[in-house]
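Letters A, B, ... are given to chains in the order of the sequence lines, protein chains preceding strands, and every chain is numbered from 1.
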Protein chains: 2
Amino acid sequence: MRRIVFVLVAVVALAGVVVYMAPASGQADGEAAPIFGVKIPPGYRDWRLISVAREEVDLDDIRAILGNDVAIKAYREGTRPFPDGTIIARIAWAYLPSAENNKAFGKVQSFVAGRPKNGVQFMVKDSRKYASTGGWGYSQFDDGKPLTDQAMLQSCFACHQPVKDRDFVFTRYAP
Amino acid sequence: MRRIVFVLVAVVALAGVVVYMAPASGQADGEAAPIFGVKIPPGYRDWRLISVAREEVDLDDIRAILGNDVAIKAYREGTRPFPDGTIIARIAWAYLPSAENNKAFGKVQSFVAGRPKNGVQFMVKDSRKYASTGGWGYSQFDDGKPLTDQAMLQSCFACHQPVKDRDFVFTRYAP
């Protein structure tokens with residue numbers, strides 16, 4: 001018992017260190033999103049790039065999908081379902097025309113990333129913990145604060161159903 | 001002398017390993033681009049993300065700008081001019097509507113990255129070697145082959161002149 005307590009204290013202490021270091025490379029705080037209990041993974045802004053995308057209409061952003069080491073390895077090796085420990089991050093920014101770039105190109109054609117927009121989203125793979133939602137926990141953080149609309153979070157799984165045969169992940173790796 | 005040969009063989013062997021491993025994480029071969037002599041930096045596809053952009057008209061792509069460790073550190077700390085050793089990579093893909101995503105969103109709004117397109121470009125900082133072009137060497141590789149159009153490469157520096165006050169770099173870091 002004493003040993004278990006020691007291990008727990010050590011784990012909590014380490015977790016504290018990780019959270020403390022995080023702000024240098026991406027938003028992070030200790031608050032967990034409801035339902036799935038996902039927290040912002042420290043250092044996610046340093047993760048490698050899976051792909052990019054553009055959403056028009058209401059979202060009106062340009063976005064990047066990043067993966068932790070487990071995710072990148074699984075993508076490159078074609079491992080499906082994704083192994084436990086996989087985390088996929090979606091970051092996004094305002095979609096802004098660039099007068100500066102247009103001038104350099106001599107054509108009106110260029111759009112760049114502006115301020116962060118539409119929060120940060122994470123899919124976390126834990127096949128046992130999230131067994132009832134295809135093995136994935138979902139979360140969104142706006143300015144570091146977790147989305148608390150439980151109906152919205154519950155809808156993530158339903159929305160990802162059409163790509164069940166790709167382990168519920170929409171984004172393909174961009175080589 | 002024998003020792004020097006041994007070291008050279010070891011270096012060449014290691015270089016071979018690097019080149020051999022490179023395709024897993026980005027195109028790479030030994031050919032250098034003309035004028036600036038830039039080669040494809042091994043492992044650039046693993047570099048961290050600086051920002052993303054979209055180019056319409058002829059280029060018609062969606063792109064990501066990645067930086068090596070020196071570049072990312074300089075961006076985050078606001079170091080200008082960028083230190084020697086900075087390398088900035090521009091990768092790009094075809095800009096494709098995603099029927100799959102549109103269906104999930106319930107709106108026609110989604111564009112994703114398709115096949116690699118418009119080659120891979122690198123800006124390499126070496127303030128002495130490239131003193132005559134603002135400290136930067138420029139290169140482009142299409143399917144791993146360097147662009148050999150010398151006039152086109154020469155034009156890179158002229159085109160980057162408008163952002164001389166940002167050390168000739170157009171892309172801003174996307175937080």
Side-chain angles (χ1 to χ4, degrees), chain A residues 24-27 43 45-66 69 72-73 76-77 91-98 100-116 158-163 166 170-175, chain B residues 23-27 43 45-66 69 72 76-77 91-98 100-116 158-163 166 170-175:
Chain A
S25 52
Q27 305 165 321
R45 185 59 184 78
D46 286 335
W47 292 352
R48 286 176 281 177
L49 180 71
I50 297 168
S51 192
V52 293
R54 153 81 172 137
E55 299 297 336
E56 294 182 346
V57 197
D58 300 336
L59 288 171
D60 192 21
D61 68 37
I62 186 163
R63 43 184 54 201
I65 295 86
L66 309 179
D69 290 345
I72 296 292
K73 188 170 186 286
R76 291 185 180 166
E77 296 177 357
I91 51 181
W93 304 272
Y95 187 71
L96 303 180
S98 170
E100 187 171 70
N101 290 9
N102 291 341
K103 202 172 168 186
F105 279 119
K107 285 178 184 169
V108 176
Q109 65 172 60
S110 195
F111 296 83
V112 297
R115 64 174 176 81
C159 189
H160 282 249
Q161 282 286 354
V163 284
R166 296 210 307 276
F170 281 98
T171 303
R172 291 178 165 90
Y173 183 81
Chain B
S25 52
Q27 307 164 319
R45 184 60 184 78
D46 286 334
W47 291 353
R48 286 176 281 177
L49 181 71
I50 297 167
S51 191
V52 293
R54 151 82 172 136
E55 298 298 337
E56 294 181 344
V57 197
D58 300 335
L59 288 171
D60 193 21
D61 67 39
I62 186 163
R63 46 184 53 202
I65 295 87
L66 310 179
D69 290 345
I72 296 292
R76 291 185 180 166
E77 295 177 358
I91 51 182
W93 304 272
Y95 188 72
L96 302 180
S98 171
E100 188 172 68
N101 290 8
N102 290 342
K103 202 171 168 185
F105 278 118
K107 284 178 184 170
V108 175
Q109 65 172 59
S110 195
F111 295 84
V112 297
R115 65 174 176 81
C159 188
H160 281 249
Q161 281 284 356
V163 284
R166 297 211 306 276
F170 281 98
T171 304
R172 290 177 166 89
Y173 182 82

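- Contacts with chain A were tallied for B:Ala113, B:Ala174, B:Ala53, B:Gly114; B:Ala174 has the most, counting heavy-atom pairs under 4.5 Å.
- Taking the side chain as every heavy atom from C-beta outward, A:Lys107 and B:Asp58 approach each other to under 4.5 Å.
- Using a 4.5 Å heavy-atom threshold, the side chains of A:Phe105 and B:Leu59 count as touching.
- Of the two parts of B:Ile65, neither the backbone nor the side chain holds a non-hydrogen atom closer than 4.5 Å to a non-hydrogen atom of chain A.
- With a 4.5 Å cut-off on non-hydrogen atoms, B:Arg172 touches chain A through its side chain but not through its backbone.
- Residues A:Asn102 and A:Gln109 have side chains in contact (heavy-atom distance under 4.5 Å, counting atoms from C-beta outward).
- Neither the backbone nor the side chain of A:Leu96 comes within contact range of chain B; no heavy atom of the residue lies under 4.5 Å from a heavy atom of that chain.
- Using a 4.5 Å cut-off between heavy atoms, B:Leu66 contacts chain A through its side chain alone, with no backbone atom that close.
- By the 4.5 Å heavy-atom criterion applied to side chains, B:Phe111 and A:Glu56 are counted as neighbours.
- Considering only residues two or more places apart in sequence or on other chains, B:Glu77 meets the side chain to side chain donor-acceptor pair (under 3.5 Å) condition with B:Lys73.
- Your options are A:Ile72, A:Thr171, A:Val57, and the one with the most heavy-atom pairs under 4.5 Å with chain B is A:Val57.
- When heavy atoms are compared at a cutoff of 4.5 Å, A:Val163 approaches chain B solely by way of its side chain, counted from C-beta outward.
- Scored by the side chain to side chain donor-acceptor pair (under 3.5 Å) test, B:Asp60 finds B:Arg54 as partners (sequence neighbours excluded).
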